[in-house]
Each structure stands twice: as structure tokens, then as C-alpha cells.
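Chain naming here is simple, since letters A, B, ... match the order of the sequence lines and numbering starts at 1 in each.
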There are 2 protein chains.
Amino acid sequence: MNQSTVISIESIRVACRYCTLSSLCLPMGLTPEDVERLDDIVKRARPLHRGDVLFREGERFRSLYVVKTGSLKTFAPSCEGGEQVLSFHLPGEIMGLDAIDKGEHACSASALETSAICEIPFARLEELTALIPSLQHQMYRLLSKEIGQDTDMLLLLGKKNAEERLAAFLLSFSQRLHKRGLSATDFHLSMSRHEIGNYLGLAVETVSRLFTRFQDDGLVRVERKHIELLDPQGLEEIIDGASPGRRQAPQRQQQT
Amino acid sequence: MNQSTVISIESIRVACRYCTLSSLCLPMGLTPEDVERLDDIVKRARPLHRGDVLFREGERFRSLYVVKTGSLKTFAPSCEGGEQVLSFHLPGEIMGLDAIDKGEHACSASALETSAICEIPFARLEELTALIPSLQHQMYRLLSKEIGQDTDMLLLLGKKNAEERLAAFLLSFSQRLHKRGLSATDFHLSMSRHEIGNYLGLAVETVSRLFTRFQDDGLVRVERKHIELLDPQGLEEIIDGASPGRRQAPQRQQQT
DNA sequence: TTTTGTTTTTGATCCAGATCAAGTGCCGGC
DNA sequence: GCCGGCACTTGATCTGGATCAAAAACAAAA
């Protein structure tokens, strides 16, 4: 309780201009004065704890949210009570962009661990972007980037096998952490095997088996949620379809 | 040749304000004066023919493109020379939004049939959106909508089986045509079985078999690329996981 | 500490859909 | 009208990963 209070106070106090994430986040490329104006509309609420829901699918859309610390997942209800994990969000990453169109959230977001969030009321942001061209540009870029990421994911789900998917996930996660100043080769997964499997379109068992296989192949060291990448290059090769087991490509390529 | 000339002239001449698509397209919700201003920056080139490439992956991003007539596909190179079809575009739909972020096209676009295109130089559009709040809002909505569509696709590829995928594709295509004033139950597919399969993450053979099965089940009438939806309700039920063959859900749901 | 529930791992089996293999039929070119 | 090639269909087989089952490792509670 004591600790969460500390985090809370801290999260309330850190303005954008002092935030270490500003180079990754919305303020990227803005002048200090413009950052100030953006900062004026940002709200910082108390932190969420594991499992807490930030917004729920169907809720009226009012704000975008940026992760300040911790991590979250977004997920949409699938058929028959199941759900599809759509993405994992790390500090500096924005959530809620998919809700602008319909004016209501198309997915839900919940915390994977204790997390601090910045809330950005969209109506005010929209006003601001009309006044600050570089902010408008940044918004277009952010929206576009999200589309690009979804595209990558479509490629992953449409064309890659289980091994390639997990390798891609690990490497991508590693790179995202690295951009945030953390180790690219030694990190902690805040999500469960179940969530990873769901995200990658695989069964938990498959994810677990692949972790074991990767470890046996000397690519990673896995100890529950603690991951060490021993051979990132090797993972890279797996992603490109050169799995250790098969020398030449046995996959028939779907031409169009 | 004669016919393509006719189309060409027509496509050059129709300004946004006379275009039947304006209610679906970028001008949606703009005042007539603002449509005029938008119209000033739109370029209308000669039509593309089947197979012609509108833009290619890696090319410098300058413009967004809107389909005026016809249809296109976008696709990205997958591993080992294959490609992933990312989307099919019908009149009024915008292409190139994923390129804003990196400043270069992340995918390629090619015509599925003779198609007319409106080109919108992005730099000029960006200037205009700063001046016209409703246009800016429209842009945010369009970008957000694209994200939402990608999300739907992720759900489809991550959680649905072959039958559900094809049913969802047919119904979604039908609805998009209907919005454009065409028949929702009797239409022509401009893409090949191969392209459908690629898009849905299925082998051609599977797509072909499913068309046959759907026809045998009285859901559709298929004659090469000509499709008649006989029982849209039945397709809807398939999408929701109630395939005719199985009474209760044998799929284990991936909980998180 | 034990208890109890959850997450992860491991093993055995199964099946949807991919892949392989042959047609069949359509369409454009000559 | 005939030919050649490509798109599509249909059938037979194979397999990656799902599913089923159960044990093992942990974590939170008591």
C-alpha cells in the first residue's frame, strides 16, 4: 500500500517535459512550449493494479491513454465467450486509437501489472492538433503506425507457423524494451503463457513446448517469466522461415 | 480500347461534389465549400487495368489514393518470396494510410480490374486538415476505422476456422457492395480464389471446397466469380460459430 | 507450515486444413 | 474454331498444432 502511494504521487507529478518517455510518446518532435500546451490537457490518474480494467469494449470513447509505467493488454470478445488478445502495451504506447471512428471502445484494456497511465481527452487533443501542425502530424503518424503494426500481425497470423510466431514475438518484445532503455536480452514477461498463446493464435501447450524447444536449441534461457535471449540472431533466422529442422523451404508459397 | 477511353474521360471529369461516393469517402460530412477546397487538391489519373500497380512497397509516400471505380488489392511481401494479401479495396475506400508513419509505402497495391483512382497529395491534405476541423476529424475517423478493420481481421485469423472465415468474407463483401448501391445478394468477385485464400490465410483448395460446400448446403449459388447469397442469415450463423455440422461448440475457448 | 487453486509443462492422440496429384473447364490469342 | 495456359475443382494423403489428460511447479491464502 505504501509503495502504491509512492507510485501514485510520482505518476501524478511527472509532467511530459520531465517524462523520460517523451521521445517515444505523443510529445515527440514538439517544441518545449507545445509540450507544455499538451501537458495542460493530460490527466494522470492513480495507478492500476494487475487485472484492473482501464476501459471496456462498448464504453463511450472520451480519451486516449498512454502507458507511463507497467504494461497492459487490449482484447476483444471473440465468438462464444472467448477473447482475442490484440496487443500488449509498454510505456509510451498509446491505447484507444481504434475507438475514434465509432465513438466507442472496440476493445477492452486491462493491466498486466501495476501500471501508471496518462489520460488524454480526445476532444481537447483534437483542438490542439488543429493549432499545432507538428502535433497533428505526430497524430497521423501514430495512427498510421498502429495500422502498420496490425499489418505485421496479419502477416504473422496469416503466413507464419508456430515457431516463427513465437520467435517474432520474443524479438519484437525485446526490441521494444530496448527502445525504452531496458535490456534487450534479459527481461521479464508480464503476460501469462495463455495470453501469449491467445495473442499469437496458438494453444498454451504449443507456446510452452516452443519455449522448451528454444531453450533446448540454445536460443533462449527461460525461467518462468524471466527470459534471456542467448541467440537473437538465431531467432531472427527462424522468423525468416529458416527453422533449424528444415534446410530448404518445404512451405508452398501462396502465389496470387 | 474504346471503352477504357470512355471510362478515362469520365474519371477525370467527375469532381468530388458530383461523385456518388462522396457520402462514403473523404468529403463525408463536409460543407459544399470545403468539398470544393478538397477537390482542388485531388488529382485524377488515367485508369488502371487488371494487374497494374498503383504503388509499390518501399516507394516514397506522397499521396493517399481513393478508389473511384473498380477494385484493388494491397499486399505485402511475406517470407521467401510469397506475399500476403492485406485487403481488397472498393470504390470510396482509401489506400496508403499505413505509409504515413515511415514515409514510404509498407505494402503494394494493384488493380483487380479496370479501376479509376483519385490521388490526394498528403502534404496538401495535411495543410487542409489543419484549416478544416471537420476534415481533420474525418481523417482521424478514417485512420481509426482502418485500425478497427485490421482488428476484425486479427480476430478472424486468430480465432476462426476456415468455414467461418469464408462466411465472414462473403458477408462483409456483400455489405460493402450494398453500401455502394449494389446488390447485397448477387455480385461478382473481382479477385481469384487464390487471392481470397491468401487473404483469409487458407489454401486455394480449401476455399474452393468451401464454396462447393456452401453451395451444397444451399447457402450460396456459385458460378465461377458470380456469387448469389441465398441464405445470408445462414452465413451469419456460421460466423458466430454455429456451423451446421456441429450442434454444440466443440472448440475449446482460449481463456486468458 | 499446509492447503488449495492456478499456471506451466509434458505426453498421447486427433483432426482441420495443407499439401500433393489429377483432372476439368474457361478464356484469350491466333 | 482450335490451341495452350491458367484458374478452378476434386480426391487422396499427410502433418502441425489443437485437444485431451495428467503431473509438476508455483503462489496466495490460511
Distance in angstrom units between [X] [atom1] and [N] [atom2], rounded:
{"X": "A:Leu202", "N": "C:dT8", "atom1": "CG", "atom2": "P", "answer": "15 Å"}
{"X": "B:Glu223", "N": "D:dT9", "atom1": "CD", "atom2": "P", "answer": "11 Å"}
{"X": "A:Lys225", "N": "C:dT8", "atom1": "NZ", "atom2": "C1'", "answer": "10 Å"}
{"X": "B:Arg165", "N": "C:dG17", "atom1": "CZ", "atom2": "C1'", "answer": "10 Å"}
{"X": "B:Lys159", "N": "C:dA16", "atom1": "NZ", "atom2": "C1'", "answer": "16 Å"}
{"X": "B:Glu195", "N": "D:dC6", "atom1": "CD", "atom2": "P", "answer": "15 Å"}
{"X": "A:Lys160", "N": "D:dG17", "atom1": "NZ", "atom2": "C1'", "answer": "18 Å"}
{"X": "B:Arg193", "N": "C:dT24", "atom1": "CZ", "atom2": "C1'", "answer": "14 Å"}

(request) Please tell me which of A:Arg224 and B:Arg50 maps to the more 5' nucleotide of DNA chain D, matching each residue to the nucleotide holding its nearest heavy atom. (result)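 Taking each residue's closest nucleotide, the earlier one in sequence belongs to B:Arg50.
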
Are any of [X]'s side-chain N or O atoms less than 4.0 Å away from OP1 or OP2 of [N]?
{"X": "B:Thr212", "N": "D:dT10", "result": "yes"}
{"X": "A:Ser208", "N": "C:dT8", "result": "no"}
{"X": "A:Ser192", "N": "C:dT6", "result": "no"}
{"X": "B:Thr206", "N": "C:dA18", "result": "yes"}

(request) Say whether, by atom type as modelled, one donor and one acceptor occur between the side chain of A:Arg50 and the main chain of A:Thr114 under 3.5 angstrom. (result)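 Judged by distance alone, no pair lies under 3.5 Å.
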
(request) Check for a donor-acceptor pair, side chain of A:Arg56 on one end and backbone N or O of A:Cys107 on the other, with a separation under 3.5 Å. (result)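 Judged by distance alone, no pair lies under 3.5 Å.
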
(message) Rounding to 10°, can you tell me the angle the first-five-pair axis of the helix from C:dT1-D:dA30 to C:dC30-D:dG1 makes with its last-five-pair axis?
(response)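 The end-segment axes of the helix from C:dT1-D:dA30 to C:dC30-D:dG1 are tilted 50° relative to each other.
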
What I want to find out is whether [X] reaches [Y] closely enough, with some N-O distance under 4.0 Å, to be called a salt bridge.
{"X": "A:Glu93", "Y": "A:Arg176", "value": "yes"}
{"X": "B:Glu163", "Y": "B:Arg213", "value": "yes"}
{"X": "B:Glu119", "Y": "B:Arg44", "value": "no"}

(message) Starting the side chain at C-beta, find the nucleotide from D:dC26, C:dA12, D:dT10 nearest to A:Arg209.
(response)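 So the nucleotide nearest the side chain must be C:dA12.
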
(request) Return yes if the base of C:dC20 and the side-chain atoms of B:Glu205 contain a donor-acceptor N/O pair under 3.5 Å, otherwise no. (result)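 Pair found.
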
(message) Between the base of D:dT10 and the side chain of B:Arg213, is one N or O donor paired with an acceptor at under 3.5 angstrom?
(response)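 Side chain to base: no pair present.
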
(message) B:Glu113: which residues meet the side-chain contact (heavy atoms from CB on, under 4.5 Å) condition with it, sequence neighbours left out?
(response)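 Applying side-chain contact (heavy atoms from CB on, under 4.5 Å) to B:Glu113 gives B:Ser71, B:Ser115, B:Ser190.
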
(request) Can you sort out the partners of B:Arg209 under side chain to side chain donor-acceptor pair (under 3.5 Å), two or more places apart, ordered by chain and number? (result)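 Here no residue qualifies.
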
